[in-house]
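This report concerns only the one structure given below.
Being a predicted model, the structure only gives us computed values, none of them experimental. Order of the sequence lines fixes the chain letters, A, B, ..., with proteins taken first and strands second; residue numbering starts at 1 for each chain.
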Amino acid sequence: MEEEKFATIIVGAGPAGSTAAYLLAKEGLDVLLIEKGATPGSKNMFGGRMYSHALHKIIPNFWEEAPVERPVVKETITMMNGSRSVSMDFQEVKWGTPPYHSLTLLRADFDAWLAAKAEEAGAMVACGIRVDDLIRENGRVVGIQAGEDRMLADVVIAADGVNSLIAQKAGLGKKFSPKQVATGIKQVIQLSEETISQRFQLSGNQGAAQLFVGDCTKGMHGGGFLYTNKSSISLGLVVTAGALQHSQYKIIDLMEDFKENPHIAPLIEGGEIVEHSAHLVPEAGLNMMPQLFGDGILVAGDAAGFVLNLGYIVRGVDFAIASGEAAAKAVLAARANNNFSRQGLSTYQQLLKESFVMKELVAYRQAPQFMANPRMFTSYPQLVTGLMGKMFTVDGGPPVRLLGKVFSQIKQSKIGLTQLAVDGLKGARLL
Amino acid sequence: MKRMSIEQLLGINKFAVDDDEAHIILKKDICAACMDKPCTFACPAGLYTEKDGEISFDYAGCLECGTCRTVCPKEGAISWQYPRGGFGINFRYG
């Protein structure tokens, strides 16, 4: 049987893969987008929000046709410690109007839509196919093997997610260490649209995003997240796999504890769980980045470790989309020169360097290390909640002015003033 | 909200279980020598359980996240891949 030959084969119909497929198909290339799930998006999961800029650039006003949930207008960061919590809210009403700054999504719907856009543009989308291996010729990647099927291409784009077995098979990615990734666990909780809007003080279709830090992870490196969809809430925890390795807590118990937490329970009261999911997050950024290109192959999205977690902001999908775009452009450049070697595909690196993808990952390259500081998950939430507790408690005791309260709380936290100053300065510099 | 068992939670999900081929296979003799057995608490589907020092594992409810593969301290104990095309977890929300 003659092997089919494509201009490009893309492994994985997530945001990176589908974006690359869409852009290449639009240029008239023969593109095959392979997805192991029965439908695009059926294997994909994330926290719940996408920053819109990257896709808006490629498909202007995509929200008019894409299945999006709510535009986020309200950001909340909550520190939790036992019965106490301290939240900081930020609201930008303008984010509720086009061009929406960020949108909550459910990936099964959204990814299926984006893959359908690629199909509409002329890409061939093949679902339910697991790619088992790469086909090489003289050391160059020339195609993929899926079961008995062999399919050839000038270039293969590995957009197969955080566990990128393809990048590893190509010799570009190494096995990551437990400190470099985090386990995300999430439940989708159905509630009526009105209940959500009322509960989170949102008007109409506006949405909220909330991050939690403190004892929701029992002091382990990680945190909680909540995103409001139209008629459901995405609620979950992210804990570094390195912390889980030595944990005495089961992550599934942490998740159930989280829902019972007195600061969370009222937010989800009356809801019905409709899905329990999990996914790894490539948190180490540049420190876990594989080689991005080789002879006949490019790596994009989560497979390339393109995630940025600054503690107050978590991004991945906009990086995935921009890297899919850069990959598509690199393929076009390689075609123009008819050179699909490593050198011919090196435009990819250049394009990424010029885009926000590498600029931001480089700028925040020390963030993962800073975020790993255990004080972030124990001492600081205790300090802040304790201080607020002192400020707002009236019990007829002797009066202590604010400065005194601050000092006594710092003393109690055992962090030390110097340490506090150093952490504060470091955080402000690195994040 | 009522606390749910992991069996109840997995029962809500949609799976197309591949009865003919396990995508994750353990070498139980290697697991037996593992002290911490982090898979038993790190798996978000709670699929690794320990009974009388022996690990048992059920691939049917796997969420395909890769946590076990990452936290496993014993080289060669877990042979991990994705289920065959079309099989495994089917996220309806994601």
| chain B interface, residue from A:K186, A:Q187, A:Q245, A:E272 that has the most non-hydrogen pairs under 4.5 Å | A:Q245
| field | Reported OG-to-CG distance for the pair A:S277 and B:L9, which is rounded to 0.5 angstrom | value | 10.5 Å
| field | Taking every non-hydrogen atom, the tightest pair across B:G46 and A:I252 | value | CA-CD1, 3.9 Å
| task | Please flag which part of A:E35 lies under 4.5 Å from any non-hydrogen atom of chain B: side chain, backbone, both or neither. | result | neither
| task | Determine the minimum heavy-atom distance between A:Y249 and B:F41, stating which atoms define it. | result | O-CB, 3.6 Å
| said: Report which part of B:I6 has an atom under 4.5 Å of a heavy atom belonging to chain A: side chain, backbone, both, or neither. | reply: side chain
| At a heavy-atom separation under 4.5 Å, does A:F110 approach chain B through its side chain, its backbone, both, or neither? | neither
| said: Nearest 0.5 Å, please: how far is CG in B:L63 from OG1 in A:T183? | reply: 11.0 Å
| remark: Correct closest heavy-atom pair for B:Y82 and A:N163 would be OH-CB, 3.3 Å
| For B:N90 and A:A38, which heavy atoms make the closest approach, and how far apart are they? | OD1-CB, 3.9 Å
| Sub-3.5 Å donor-acceptor pair from the side chain of A:E256 to the main-chain atoms of B:S5, do we have one? | no
| task | Under 4.5 Å heavy-atom distance to chain A, tell me which part of B:C43 shows up: side chain, backbone, both or neither. | result | backbone
| note | Residue from A:V188, A:D111, A:T39 scoring the most non-hydrogen pairs under 4.5 Å with chain B is A:V188
| field | B:R3 and A:D257: CA distance, side-chain angles, deciding distance, salt bridge (charged side-chain N to carboxylate O under 4.0 Å, His left out) verdict | value | CA-CA 8 Å; B:R3 209 177 167 88; A:D257 289 350; 2.8 Å; yes
| message | A side-chain contact here means heavy atoms from C-beta on lying under 4.5 Å apart; do B:R69 and A:F176 qualify? | response | yes
| Looking at A:K250 and B:T40, what are the two nearest heavy atoms and their distance? | CE-O, 3.5 Å
| OG1/B:T70 to NZ/A:K175 distance, rounded to the nearest 0.5 angstrom? | 6.5 Å
| task | Counting only heavy atoms closer than 4.5 Å, note whether A:L165 contacts chain B via side chain, backbone, both or neither. | result | side chain
| note | The reported gap from CD1 in A:I273 to NZ in B:K2 (rounded to nearest 0.5 angstrom) is 12.5 Å
| query | Quick one: are B:F91 and A:E275 in side-chain contact, heavy atoms under 4.5 Å? | reply | yes
| note | Greatest number of non-hydrogen atom pairs under 4.5 angstrom with chain A, of B:G94, B:G85, B:A45, falls to B:G94
| said: If I measure from the heavy atoms of chain B, does A:D253 come under 4.5 Å with its side chain, its backbone, both, or neither? | reply: both
| Do B:M1 and A:E260 touch side chain to side chain, with heavy atoms closer than 4.5 Å? | no
| field | Which portion of B:N13 sits near chain A, non-hydrogen atoms under 4.5 angstrom | value | side chain
| A:K43 portion near chain B, given a 4.5 angstrom heavy-atom threshold | both
| query | Between A:V274 and chain B, which part of the residue has a heavy atom less than 4.5 Å away: side chain, backbone, both or neither? | reply | both
| said: Please classify the contact of A:L254 with chain B as side chain, backbone, both or neither, using a heavy-atom distance under 4.5 Å. | reply: neither
| task | Mark yes when over 12 heavy atoms from residues, nucleotides or ligands other than A:M124 sit less than 6.0 Å from its CE; otherwise mark no. | result | no
| task | For chain B, find which of A:S42, A:G128, A:G270 contributes the most heavy-atom pairs closer than 4.5 angstrom. | result | A:S42
| query | Considering only heavy atoms, which portion of A:I268 lies under 4.5 Å from any heavy atom of chain B: side chain, backbone, both, or neither? | reply | both
| message | Out of A:G41, A:A112, A:G271, return the one with the most heavy atom pairs under 4.5 angstrom to chain B. | response | A:G271
| message | A quick test of your reading: do over 12 heavy atoms of other residues, nucleotides or ligands sit less than 6.0 Å from NZ of A:K179? | response | no
| request: Could you tell me which portion of A:N44 (side chain, backbone, both or neither) has an atom closer than 4.5 angstrom to a non-hydrogen atom of chain B? | output: backbone
| query | Any idea which heavy atoms bring A:A241 and B:V71 closest together, and the distance? | reply | O-CG1, 3.6 Å
| query | About how many Å separate OH of B:Y93 and NE2 of A:H276, when rounded to the nearest 0.5 Å? | reply | 15.5 Å
| request: Pick one of side chain, backbone, both or neither for A:E69, based on which atoms fall under 4.5 Å of a heavy atom in chain B. | output: neither
| message | To the nearest 0.5 Å, what is the distance between SG on B:C65 and CD1 on A:I185? | response | 8.5 Å
| field | Audit row: B:Q81, A:R130, side chain to side chain contact (heavy atoms under 4.5 Å, CB included) steps and yes/no | value | CA-CA 10 Å; B:Q81 61 175 334; A:R130 182 184 72 190; 3.5 Å; yes
